[in-house]
A.B. asks: 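Next up is a structure, given as C-alpha cells.
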Amino acid sequence: MSRLRASLSDTPSRSMSLMVALGLAESGTEVAASWISGAFVQIARLWPLILLSKLCVISLLGIPLFRPDDAQQFGVLLVMLLVDGALMLVPRWPVFQERMPHVQNWLMLPMLFLSGLSFSLWLKHDPKTVSDSLFLAAVPELAVALLAVCIVGDRRLLGISYFLGALLVSVAAKAGPAQIGLLVSCIIVMAVATLRQATADRERAIERQRQDLRAQRSDRLLQEHERTGRGWFWETDRQGCLTYISDTLVRTLDAPKGGLIGRPITEMIRPGDKQQGDGERTLGFHLSARTGFSDISVRAAMAKEERWWSISGQPVFNEYGQFHGFRGSGTDLTEMRRSQAEVTRLAQFDSLTGLANRIQMLRSLEQAVADRHGKAGDCTLMMLDLDRFKSVNDTLGHPAGDALLRQVSQRLQRVVGDRGLVGRQGGDEFKILLPGRQDQAQLAQLAQNIIATVSQPYSIEGTAVVIGVSIGISSCPQDGVTADALIRNADLALYAAKGNGRGVHRFYSSDMHADAEDRRQLEEDLRHALAADGLHLVYQPVVSSKTEQIAGYEALLRWEHPVRGPISPALFIPIAEDTGLIAQIGEWVLRTACRDAVQWLDDIRVAVNVSPTQFANPGFPSTVMNALASAQLAPERLELEITESVFLNDDDGTDAMFARLKALGVRLALDDFGTGYSSLGYLKKAPFDKIKIDQSFVRGAATKGSRNSAIIKAIVSLAEALGMDTTAEGAETQDELALIRQLGCSHIQGYIYGRPMPAADVLASQRVNGSAAAADGFQSSRPARKTMLRTIAVHHDGHVYTGRVRNISSTGALIEGLWNVPLGTLFAIELSEGQFVNATARWSKDDRMGVEFAGAVDLGALRNAPKALAS
C-alpha cells in the first residue's frame, strides 16, 4: 500500500486528479477527506444486505437442489460469499478505522468488482437447470450495490467495475471483436462520463461539506462564547418579544416561571435614573425606531445581584424589505464596573486603613469652605499626629506599624461617628473634618475623648503597645476661609500641641506663626550648637539619706544660647527628639559624663539619662562600652536612667537590651517612676538597681493633708521588697528632707543639697569637702510666689493704711509701707475692690512684713480685678 501511495505521488498531476476524483487518493484537504469518508460509511452500512442476499439464495436454491455437477459453481459462490464477508468485517477493525478515508475506499473496489463479475457470469450462462440458478445470487448483489451507489450519488465505481467485469468474461469466453469493441467503447464513454460527473459531484459535495463545516464551526464558536459567559445573544420578533436568548444568560437571571421567550426584551432592563444613566431610554428609542445600536450600557432588572450589560443589535429585514425583528449580542460589564469602582475607591480612600485619603479630604474640605451666598462655610479641621509611633516601627517593624495604624483608624471612626469625616494624611498623621459651626467646648471635649481613646493600650502581635496623639484645631471662617489656610493653621496648632508636651490639643491662635518660626530657628541653632560644642553638662549631687555622703551626680544637659541666653531643656529636648538629633546628643552626653566622672573620687557614680530612641537602638550597648573604655571608667560607676516609656513596646527586644546592658556591669535606674503609662508588671523582670521617685510626689509632701507621703511610702516599700534603692527627686526644704528620711528613701536629690554645677565646680567641691554634703534650704515648703507690685488697703482697728504687695502666693504675701508691725497683728487686707482676706503678720523688718492669709486666695481672679483704693 505504501508503494502504491508513493507511485501515485510520482505520477503527473492529471493522473493524481483522476485518482483523487475517484476517491482512491488523499485529496489533501480536510473537506474532501471528510466527504470521501462519509460516502464510504454510507456504502459500508448497506453492504450487509448483499451478504444476506447471497445467504438466502444458497439456503433456498443451492442446498436443496445441490448436484455433484454443480460443485464448482457452488464453490465459486461460497468463495464470493466469504470474500464479501471479509470485506465487510475488515473495515471495522480499529487499525483500518485509524487510516485515511482514501485507504478505506480501496476496499470498495473488490466488492464492486465481484458484483460486476457475478452479473457477467449470469449473463453468459442460460440457467436451464435448477443448479444454474445459483448465478441468480449476482442479481440481488448487483441490485444492492446499485442502490448503495445511487444513495451515495457516486456511480463511477459501479460503471467501471461492471464493464471491466463484462470485458474480462467476454475475453475469457472468446467473444467476437464486435462485442469486445462495444464493451471497450462503453468502458471509455463510461469512464469519461463518470469522471466528469464525479468531478462535478465532488465539487458540489465539497462545497456543501465546507458550508456545513463552517456552519458547525461558527456554531461551536458561538456556543463556546456563550459558555464562557463573556457574551450572549438574543433575537426578537417584530413586536420586540424575545424569540431566542442564550441559556447562559437565563441561568444568571431570576427569570419568571415561563421563561423569557415571548416576553418583551425591555423587561430585562431596569429603567434608568440620574444615578444609573439612561440606557433603558436609549434602547427603547432604537427598538421603536428600528435602527441599529451598539454598546448601550443598561442595568439588568431580573438579575439576582446588581449586573450591568453592554447591548448591541441590528434590525433584521427579508429580501422584500419587511421588518422581522432585532438580532444582537450582549456582554457583561459587571466586573469592569466593579474594577472601575475599586479604582475610584482606591483613588479616594487609603488602602491601608480604609479612611478617606489626602485627595478626598482636601476635596471635602474645599467643598466645606466653599462660598455660600458670598460667605464661607462653617467647618472645623483637626490635625492629628501619633506620639511615639516611630519607636513602634523601629522596634516591631513596619507590619506591626501598619496593624497599629489600622486599629487607630477604627478607634477614630468609633469616637467621631457621624459627626465628621475621618481621613489619613499619610504616615502617622490623620485628619478629621467636622462640617457646620462647632462649639469650642464641645470640640475640646471631642479632642479629649480622641486622646483618651487613642492612648489606650493596643495588642500588636501579642505585644502590648501604648502610644499617644497630639491634636491641632482650626475653624472656618475665624481661622481662615480657604482650605490651604485651614490646613496651615491646623498644622501650626498641632506643632504647638507637640511642643507643649504632646498628648494634648491646641486651638489655633495668631501668635502661633511667631512660635513656629521661633521653633524653626531654635532647631537650626541647636544643630549649630551641637556642631560647635555649644552644649555643656552640669551635675547635681545625689546624697545618701543615712550618711549624708554624696553617692553620685546626675549629668544634666544645658544650652547657653549666644543671643537668648540659657534655653530650658524642656524646650530644646523635644526639638532634638523630633528632628532626630537626640541620638547624636545622647552619645555626646554619655562620652562627656564618663570622661568627667573618671576624675572624681572612686566611690562616686555618674547618672546619665537615656532617651527611648537610644534605648531602642541595637547598637546602644556598643556605644556604652566604647564610652567606658575611652574614659577608662569602671562600669559600676555608670548609672543609666531609663524612663517608663521604653516599656511602651514591651517585647523580647526590650528584655534583650536590658540583658546586654547588665552584662556590661552598669547600673540601671528607673526614672520618673509613677508618671508613665506602663503597669507595674515590668518591675518583675526588668533588672533595675534603683527607682527614682518623681519630684511631683516629693514637692508638697510635707504639707498638711497631702497624699504624696502615702505614695512615697508605697514606692519605698515596693523598692525594698524588690531589693532596689530609691532616690527622691526635688527635695528643697528641711521638712521635705525630714519626711523623706522618715519614709525610708535611701537617696535624696534636690536643691536642699545643691543645685546643678559645672564639672570644674564638682572637682573643686570634692577637693574641699570630699564626698560630704550639707543640707541648706528653707524650713518648710510654701506655695509658689509671684512677683507683683500692687497697691492695697490694709484695715486694722478701724484704721485704713495704704500698702504695696511685692510678691504673693495663695497663702501669704510680702507687703511694704507699714513700719515696725508687731508679730501676730491681725489685718483685713483689701486686695481688690470688694475682695477682702484676713491675714496675720508673721515677721516684720522696717517697712516690710510677711503676712499669712487665713484662707487660700485665687491669684487668677486677683490678676484682672480692679485695684482697691485707700480712703
Side-chain angles (χ1 to χ4, degrees), residues 500 509 511 564-566 568 570-571 695-709 730-740 750-756 774-871:
N500 290 340
S509 60
D511 57 355
R564 303 187 185 191
S568 171
L571 181 60
Q695 60 183 352
S696 62
F697 299 117
V698 175
R699 289 180 180 173
T703 303
K704 185 179 180 180
S706 175
R707 297 182 179 180
N708 288 0
S709 59
E732 296 184 353
T733 61
Q734 297 289 344
D735 55 358
E736 291 175 349
L737 176 59
L739 176 64
I740 291 171
Y751 288 171
I752 189 72
Y753 281 116
R755 294 177 178 271
D776 182 20
F778 292 104
Q779 178 61 37
S780 61
S781 60
R782 59 183 182 179
R785 292 177 175 260
K786 295 186 178 181
T787 301
M788 176 182 292
L789 183 60
R790 186 184 186 90
T791 301
I792 60 173
V794 181
H795 299 260
H796 173 67
D797 198 18
H799 299 280
V800 180
Y801 306 94
T802 301
R804 290 181 300 275
V805 175
R806 283 293 181 180
N807 58 59
I808 189 173
S809 69
S810 61
T811 60
L814 171 62
I815 300 175
E816 65 179 16
L818 281 75
W819 288 79
N820 300 323
V821 176
L823 299 182
T825 303
L826 300 179
F827 298 99
I829 301 176
E830 187 178 5
L831 298 174
S832 62
E833 186 175 354
Q835 182 180 2
F836 290 86
V837 60
N838 294 325
T840 303
R842 294 304 181 188
W843 61 269
S844 176
K845 183 177 181 180
D846 295 334
D847 66 339
R848 292 189 173 191
M849 68 174 177
V851 298
E852 180 183 1
F853 298 145
V857 174
D858 186 359
L859 299 182
L862 179 63
R863 184 180 303 142
N864 298 322
K867 297 179 180 179
L869 298 176
S871 56

A.B. asks: Under 4.5 Å between any side-chain heavy atoms of Gln695 and Phe697, yes or no?
C.D. replies: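 Counting from C-beta outward, Gln695 and Phe697 never come under 4.5 Å.
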A.B. asks: With the side chain counted from C-beta on, respond yes when Leu814 and Arg848 share a heavy-atom pair under 4.5 Å apart, and no when they do not.
C.D. replies: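 The answer is yes; the side chains approach within 4.5 Å.
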A.B. asks: On a heavy-atom basis, which atom in Leu818 and which in Thr802 lie closest, and how many Å separate them?
C.D. replies: CD1-O, 4.0 Å
A.B. asks: Once rounded to the nearest 0.5 Å, what's the spacing between atom OG1 of Thr811 and atom CD of Glu852?
C.D. replies: 6.5 Å
A.B. asks: Yes or no on ring pair (Phe, Tyr, Trp, His ring centres under 6.0 Å) for His795 and Phe836, after CA distance, side-chain angles and deciding distance?
C.D. replies: CA-CA 10 Å; His795 299 260; Phe836 290 86; 5.4 Å; yes
A.B. asks: How close do Val857 and Gln835 get, heavy atom to heavy atom, and via which atoms?
C.D. replies: CG1-NE2, 4.2 Å
A.B. asks: Go through the steps for Thr840 and Val851 under the test side chain to side chain contact (heavy atoms under 4.5 Å, CB included), then give the verdict.
C.D. replies: CA-CA 5 Å; Thr840 303; Val851 298; over 6 Å; no
A.B. asks: Which pair of heavy atoms, one from Ala841 and one from Met849, lies closest together, and at what distance?
C.D. replies: CB-SD, 4.3 Å
A.B. asks: Can you tell me how far apart CH2 (Trp819) and CG (Asp846) are? Round to the nearest 0.5 Å.
C.D. replies: 5.5 Å
A.B. asks: How about Ile752 and Gln734: do any of their side-chain heavy atoms sit closer than 4.5 Å?
C.D. replies: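 In contact.
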A.B. asks: Just how far is it from atom CG of Leu831 to atom CD1 of Ile792, taken to the nearest 0.5 Å?
C.D. replies: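 Leu831 atom CG to Ile792 atom CD1 measures 6.0 Å (nearest 0.5 Å).
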A.B. asks: Tell me the closest heavy-atom pair linking His796 and Thr825, and the distance in Å.
C.D. replies: CE1-CG2, 3.6 Å
A.B. asks: I'd like to check Ile808 versus Phe853 (side-chain heavy atoms, cut-off strictly below 4.5 Å). Are they in contact?
C.D. replies: yes
A.B. asks: Tell me the closest heavy-atom pair linking Ile815 and Gly803, and the distance in Å.
C.D. replies: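 Nearest heavy atoms, Ile815 then Gly803: CG2-CA, 4.5 Å.
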A.B. asks: Under 3.5 Å, side chain of Arg790 to main-chain N/O of Arg806, donor-acceptor pair present?
C.D. replies: no
A.B. asks: Does Tyr751 reach the side chain of Asp776, with side-chain heavy atoms less than 4.5 Å apart?
C.D. replies: no
A.B. asks: Side chains of Val800 and Val794: closer than 4.5 Å at any heavy-atom pair?
C.D. replies: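 In short, these two side chains do not touch, never coming nearer than 4.5 Å.
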A.B. asks: Which atom pair, heavy atoms only, marks the closest approach of Asn708 to Ser696?
C.D. replies: ND2-O, 3.3 Å
